[in-house]
Each structure stands twice: as structure tokens, then as C-alpha cells.
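Take a look at the structure set out below.
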Amino acid sequence: MWMKKNRFKLMVWMVTTSFFFAFAAILISMFRYGPTEQETMSFMMGMMKAMETSLMGLSMQVKEDANVQWLVYESVQFALPLLAISIAGGVYVRCRRKV
């Protein structure tokens, strides 16, 4: 009687599915050998290339290049007053519209 309830059917389905995936994982791990040295090295080379083009790699390049550091410093010196002026202008416009 209780075996015909939907909750029991759902539980049986979940247990059966989990055992299927567990058995498949065991079979794959038993018959698949580990990566070879060449596969490991190609994976590491790919990771290094990806890191060079990522934001972390870009920051490392900026940290090492003096010209780029100077450019960043000058752009920050130029951008901060513009940012302050734009904030002040925004506050002024906002206050004028309330009146």
C-alpha cells in the first residue's frame, strides 16, 4: 500500500539514480588511467597562457612596466578632478530640480 505512494516512488528513483552514477564513476575511475606527463604539461601550459591574458596577468604586466605605471598615474591624476566635478555637478542638478 505505502509502496504505491508518489513519495516512495520518488525516493526509489533518486536512490536508483544515485547508485547508477556512483557505479559509473567507479567504472570510469577503474578503467581510465591517470593523465600522462605530456597531458599534464599541455594542461599547465594552457593554464599559463590563460593566466597571461587574464586580469591577473595584465596586472602583473602593469606592475613590471614603468611606462604603463606612469600612464596609469597620470590618468588617475587627470580623472580624479573630473570625477569630483561631475559629482558636484550631479548634486547641483539634483538640488536644483527639487526646488
Side-chain angles (χ1 to χ4, degrees):
M1 190 68 123
W2 54 274
M3 293 176 69
K4 292 185 178 181
K5 292 187 175 181
N6 287 337
R7 288 181 288 171
F8 181 76
K9 290 178 184 177
L10 181 64
M11 186 188 75
V12 168
W13 181 82
M14 290 179 67
V15 168
T16 305
T17 305
S18 64
F19 274 111
F20 170 75
F21 282 112
F23 184 69
I26 290 170
L27 282 180
I28 289 171
S29 65
M30 285 176 61
F31 294 113
R32 169 75 173 128
Y33 298 109
T36 63
E37 185 177 344
Q38 187 176 10
E39 288 174 340
T40 305
M41 291 303 290
S42 67
F43 175 76
M44 294 300 287
M45 292 296 288
M47 290 292 289
M48 291 298 288
K49 281 188 176 182
M51 195 174 97
E52 287 176 1
T53 57
S54 70
L55 193 59
M56 187 171 77
L58 180 65
S59 67
M60 288 174 60
Q61 290 176 2
V62 167
K63 194 174 182 180
E64 294 173 359
D65 194 354
N67 290 332
V68 176
Q69 282 183 349
W70 175 80
L71 182 64
V72 168
Y73 177 75
E74 291 295 325
S75 64
V76 167
Q77 295 294 324
F78 184 70
L80 284 179
L82 287 178
L83 182 64
I85 291 169
S86 66
I87 289 173
V91 169
Y92 176 74
V93 168
R94 180 77 179 178
C95 290
R96 292 284 292 176
R97 286 188 182 175
K98 279 188 174 180
V99 175

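From a predicted model like this one, the values you see are computed outputs, not experimental measurements.
- Surrounding CD of Gln77 are more than 12 heavy atoms belonging to other residues, nucleotides or ligands, all under 6.0 Å away.
- Checked by atom type and distance alone, the side chain of Gln69 never pairs as donor or acceptor with a backbone atom of Glu64 at under 3.5 Å.
- Shown here are the side-chain contact (heavy atoms from CB on, under 4.5 Å) partners of Leu10, two or more places apart in sequence or in another chain: Trp13, Met14.
- Around CD of Glu74, the count of heavy atoms belonging to other residues, nucleotides or ligands within 6.0 Å exceeds 12.
- Membership of an apolar cluster is not assigned to Tyr73, as no side-chain contact below 4.5 Å to another ILVMFWY residue is traced.
- Distance check, rounded to the nearest 0.5 Å: OG of Ser75 to CG of Leu80 gives 9.0 Å.
- Hydrophobic clustering (side-chain heavy atoms under 4.5 Å, transitive across Ile, Leu, Val, Met, Phe, Trp, Tyr) groups Phe23 together with Phe31.
- To the nearest 0.5 Å, atom CD1 of residue Ile26 and atom CZ of residue Phe21 are 13.5 Å apart.
- Under the 4.5 Å side-chain heavy-atom criterion for grouping Ile, Leu, Val, Met, Phe, Trp and Tyr, Ile28 is not connected to Phe20 through any hydrophobic cluster.
- Scanning for side-chain contact (heavy atoms from CB on, under 4.5 Å) contacts around Phe8 gives Trp2, Met3, Met11, Val12, with sequence neighbours left out.
- Checked against side-chain contact (heavy atoms from CB on, under 4.5 Å), Leu71 has no partners two or more places apart in sequence or in another chain.
- For Ser29, the side-chain contact (heavy atoms from CB on, under 4.5 Å) criterion is met by no residue, not counting sequence neighbours.
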Which atom pairs, one a donor and one an acceptor, fall under 3.5 Å between side chains of residues 45-53 and the rest of the protein, sequence neighbours left out?
{"unit_1": "Thr53", "atom_1": "OG1", "unit_2": "Lys49", "atom_2": "O", "d": "3.4"}
{"unit_1": "Thr53", "atom_1": "OG1", "unit_2": "Ala50", "atom_2": "O", "d": "3.2"}

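- Heavy atoms only, all atoms of each residue included: Glu39 and Ser42 are closest at O-OG, 2.9 Å.
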